Amino acid sequence: MKNFKSLLPFLLMVFALVGCDTDDLRNDVDELKNRVESLEAQVTAINENMNVLQVLVEGNKTIKSCVYDEATKTYKLVLSDDTQLELYQGEDGMANTPEITISDDNKWVINGTPTGVDATGADAALPKFKLDDQNYWMVDLDGDGTVYGYDYVYNEAGDKVQAVADDANVGGDTFFESVNYNEAEGFLEVKLASTGTTYKLPVVPTLTCKINTENVEEYKNGVLTVGYGLSAELEVEVQGDNYFVTAPFGWTAVLGEVDSDTHKATLTVYAPKEEAAAGTLSRATADNSTDLSLQVNKGGYWAVAKIQVQGLTIIQSYKSVYDEGETIMVGDMAINKATYGDAKYVNTSDYDFTGGGVFFIAPGVEVNYKGTGSYETLILIGDDSREKSTFNLGAQIKLNQKNNGALVCYNLSIQPISTFSSTYIAQNGDNAFENAMFYDCYIKLPSNQTISYISTNSRSYKNFSMINCLIEAPNDTKGILGMKESTATYSNVVFKNNIIYNNSGNGVALQNIFHLYDGKSTTLTKVEVSHNTFINISTSTTDYVYAATISEVISEYNLIYFDRDLPGDCAMFRPGTTKPTGSLCDNNIYYKLDDGKKWTMFYSGSIAFTGVVEAVACDADPFDGTLDIEKHQFTPSAAYADYGAKLD
């Protein structure tokens, strides 16, 4: 607790203006106000490093090096995991800063007002500050906008606190008197102005503790995923007297020999066998039971680096599982030999799928589909769970059911052959085809087409779903389902946990033609669009989902992101004159829209039923600058971790 409080000045000193003469400022308030832009930039910079600072103050890292820059009056710090920080030493002046303390029960207190928000522990939050356009302080107590959002900071009189002080409201640096690096003793000394108390933070140049996860295939979305009974290797950097590795229950971690010159070593992580893991957590959470920790000490000081680990079921051959009579679950659909009969193994590029049935496609084989005829059942499964099998389309997949039709594409990479320029699926049966499902697939959408187009009134899909897919959308694609002139009924359409991205270069204008569902005369009984990430996916006034009647809507935790100008207003849903009667529509966010453009969950912002909450605009980039379309890096920052899709 002492260490945590001792670093509060670091979070606060950034609010002080530096290098100013007080008398000059009093004579020229306008000059001081012009410098608020610089102050705001510093606030932004410190907010971007709040998470790192919290790690520092909680004591699981030390300072590796500390260099003072006289010109900028900053301390440039390198932590034990090589994270770099800049800490600013302010001077007395006319900047007016909020008073921030921690209560005896470890809660944040701002200007003497208890917030009830934990400052330490598992539920700790880091408040974020900003200035409004009149230079008044605002704070978001949990730092990510999910609970509180920004509100003004008030003084004891109940007045808003302005960052620029005047003669009647002199502020200055009331929390921080000095920060000095005592190189001889190896401490960074912090002296609080309020109490005169000095706290010492150790600077240990030869203490390094770092786990390298860059370019580690098994490390995605902040979690190291290892198949049950298998292992993964990581490079670590350690420098100190002793090294320790702690793994979750059932896991084993072995640290190899440390190179004396580079201080690097190999850390091998072994996942438990699947039967041993039964009943334990299957996905990483914030619980410590999923943390793998590397600890290094030097003298009396410790540094700790942590990652989360997750066990994953690895199936080397789904066909073997199927042949043994086991059931393969694809979403909520059970696929087994008792229901669908003998399966076939596809290990050549020009395989004949005549007659349909269940097909397991070997990894490493590029199937060039040129099929003819139609199918009541066509189930295509990539055989090895560790690798998507390639399925190139050179002809339409034609469907026509008599009983319960099934089209399933699972664990596949699907894209058109260069000479193929049509819709991927033709539903030729005069009925509602029972089940069409794309699950755990990479899909490149067709140019100038939708995946499936149905204009006949008697034809539709009873259940159509696209789940856990990475979907590349060419700039001219029309999207997923098209049935504009049809008056048919579609019972259940689901788009869930998908990443759908436009792959045109940054700054290229978007065409406004994309749709998840485009059926202006159809009836849509139930539609779910949840936990999806949309990257530069624009549409016209017919919007993502367009139908004459939409009865029930579920739409939550979608992340809609643009890094360029929009061609026009966009919305998620456009029902016809009959508005939905039931819904769950909340916790959707978007970033960012230009002046004069808008994003709404329903066309024209018209919502005629209860329970609907409009999408919220993000104040900051939800990817925090890490979005990389070419490398398929779509992981939001920690502040937005609950939004968008999460793909293994």
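In this chain, residues are counted from 1 in sequence order. Hydrogens, waters and symmetry mates are skipped; everything else that's a heavy atom, side chains included, is used. Everything quoted here is computed from the prediction, not taken from an experiment.
- Checked by atom type, the side-chain pair Tyr461/Ser452 shows a donor-acceptor distance below 3.5 Å.
- Of the inter-residue distances, the one linking Asn336 atom CG with Glu324 atom CD reads 13.5 Å to the nearest 0.5 angstrom.
- Judged by distance alone, with hydrogens and angles left aside, the side-chain atoms of Asn498 form a donor-acceptor pair with the main-chain N or O of Met466 at under 3.5 Å.
- A distance-only check finds a donor-acceptor pair linking the side chain of Asn463 to the backbone of Glu434 [under 3.5 Å].
- Distance alone, capped at 3.5 Å, places no donor-acceptor pair between the Asn392 side chain and the Pro416 backbone.
- Rounding to the nearest 0.5 Å places CG of Asn532 at 10.0 Å from CG of Leu559.
- Within the model, atoms CZ of Phe391 and CD of Gln415 stand 12.0 Å from one another, a figure rounded to the nearest 0.5 Å.
- You'll find the side chain of Phe534 reaches within 4.5 Å of the side chain of Leu516, heavy atoms only.
- Crowding of Asp332 atom CG: a count of heavy atoms from other residues, nucleotides or ligands under 6.0 Å not exceeding 12.
- The shortest non-hydrogen separation linking Ser530 to Ser555 is OG-CA, 3.7 Å.
- Environment of OH in Tyr557: sparse, with no more than 12 heavy atoms of neighbouring residues, nucleotides or ligands closer than 6.0 Å.
- The ring of Tyr544 has its center closer than 6.0 angstrom to the ring center of Trp599.
- Checked by atom type and distance alone, the side chain of Thr456 never pairs as donor or acceptor with a backbone atom of Ser458 at under 3.5 Å.
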Under the criterion side-chain hydrogen bond (donor to acceptor under 3.5 Å, both in side chains), I'd like the reasoning laid out for Asn457 against Thr487: C-alpha separation, chi angles, the key distance, then a yes or no. CA-CA 5 Å; Asn457 296 338; Thr487 59; 3.3 Å; yes

Chi angles and distances behind the salt bridge (charged side-chain N to carboxylate O under 4.0 Å, His left out) call for Lys337, Asp323: CA-CA 7 Å; Lys337 189 174 181 179; Asp323 288 343; 5.0 Å; no

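- In this structure, Ile537 and Asn502 approach most closely via the heavy-atom pair CD1-N, 3.6 Å.
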Can Lys597 and Asp569 be said to form a salt bridge (charged side-chain N to carboxylate O under 4.0 Å, His left out), step by step? CA-CA 5 Å; Lys597 309 294 176 56; Asp569 296 341; over 6 Å; no

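- Here the side chain of Asn588 pairs no donor or acceptor atom with the backbone of Met601 at under 3.5 angstrom.
- Across all their heavy atoms, Arg459 and Ser486 have their closest contact at O-OG, 4.3 Å.
- Here the side chains of Lys319 and Lys344 are not in contact, with every heavy-atom distance at 4.5 Å or above.
- Side-chain atoms of Gln633 and Asp628 form no donor-acceptor pair, as typed in the model, at a separation below 3.5 Å.
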Can Asn428 and Asn400 be said to form a side-chain hydrogen bond (donor to acceptor under 3.5 Å, both in side chains), step by step? CA-CA 5 Å; Asn428 293 333; Asn400 194 342; over 6 Å; no

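- Gln449 contributes no side-chain N or O that, together with a main-chain N or O of Tyr453, makes up a donor-acceptor pair within less than 3.5 Å.
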List the steps and the verdict of side chain to side chain contact (heavy atoms under 4.5 Å, CB included) for Ser421 and Ser447. CA-CA 7 Å; Ser421 59; Ser447 295; over 6 Å; no

Begin from the C-alpha positions of His515 and Thr542 and carry the test side-chain hydrogen bond (donor to acceptor under 3.5 Å, both in side chains) through to its verdict. CA-CA 8 Å; His515 304 282; Thr542 49; 3.2 Å; yes

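- Here the side chain of Ser385 pairs a donor or acceptor atom with the backbone of Ile315 at under 3.5 angstrom.
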Could you walk me through whether Asp624 and Ser637 pass the side-chain hydrogen bond (donor to acceptor under 3.5 Å, both in side chains) test, one step at a time? CA-CA 6 Å; Asp624 199 20; Ser637 63; 5.5 Å; no

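- Between Cys585 and Phe602 the shortest side-chain heavy-atom distance falls below 4.5 Å.
- The aromatic ring centroids of Phe562 and Tyr591 lie 6.0 Å or more from each other.
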One pair to check against side chain to side chain contact (heavy atoms under 4.5 Å, CB included): Ile397 and Leu378. What are the steps and the verdict? CA-CA 9 Å; Ile397 296 174; Leu378 183 64; 3.7 Å; yes

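- Note on ring orientation: taking the six-membered ring where Trp is involved, the planes of Phe464 and Phe438 are tilted (angle from 30° to 60°).
- The distance between the ring centers of Tyr643 and His531 does not fall below 6.0 angstrom.
- Atom NZ of Lys388 sits in a crowded spot, with more than 12 heavy atoms from other residues, nucleotides or ligands closer than 6.0 Å.
- At least one donor-acceptor pair under 3.5 Å links the side chain of Gln427 to the backbone N or O of Gly429.
- A distance of 11.0 Å separates CZ in Phe634 from OG1 in Thr626, rounded to the nearest 0.5 Å.
- Summarising the geometry, atom CG belonging to Leu399 is positioned 8.0 Å from atom OG belonging to Ser374; distances are rounded to the nearest 0.5 Å.
- By the 30° and 60° cut-offs, the orientation of the rings of Tyr561 relative to Phe623 is perpendicular.
- With rounding to the nearest 0.5 angstrom, the OH atom of Tyr442 is 10.5 Å from the OG1 atom of Thr390.
- Between Gln308 and Thr225, every side-chain heavy-atom pair lies at or beyond the 4.5 Å cut-off.
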Pair Tyr603, Phe573 - check ring pair (Phe, Tyr, Trp, His ring centres under 6.0 Å), show working. CA-CA 6 Å; Tyr603 177 67; Phe573 302 102; over 10 Å; no

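- Contact between Val367 and Thr348 at its shortest, heavy atoms only, is CG2-O, 4.1 Å.
- Two residues are said to be in side-chain contact when any heavy atoms from C-beta on lie closer than 4.5 Å; Met333 and Val408 meet this criterion.
- Although no hydrogens or angles enter the test, the distance criterion places no donor-acceptor pair under 3.5 Å between the side chain of Thr522 and the main chain of Ala547.
- The heavy-atom pair separating Val226 from Ala232 by the smallest distance is CG2-CB, 3.9 Å.
- Contact annotation: the side chain of Leu292 approaches that of Val269 to within less than 4.5 Å [non-hydrogen atoms, C-beta and beyond].
- Counting heavy atoms from C-beta outward, Pro446 and Phe420 have side chains that stay 4.5 Å or more apart.
- The aromatic ring centroids of Phe360 and Tyr318 lie 6.0 Å or more from each other.
- Within the 3.5 Å criterion, the main-chain N or O of Ala571 finds a donor-acceptor partner in the side chain of Asp543.
- By the 4.5 Å heavy-atom criterion applied to side chains, Gln401 and Glu376 are counted as neighbours.
- Under the 3.5 Å distance criterion, with hydrogens and angles disregarded, no donor-acceptor pair is assigned to the side chains of Ser349 and Glu366.
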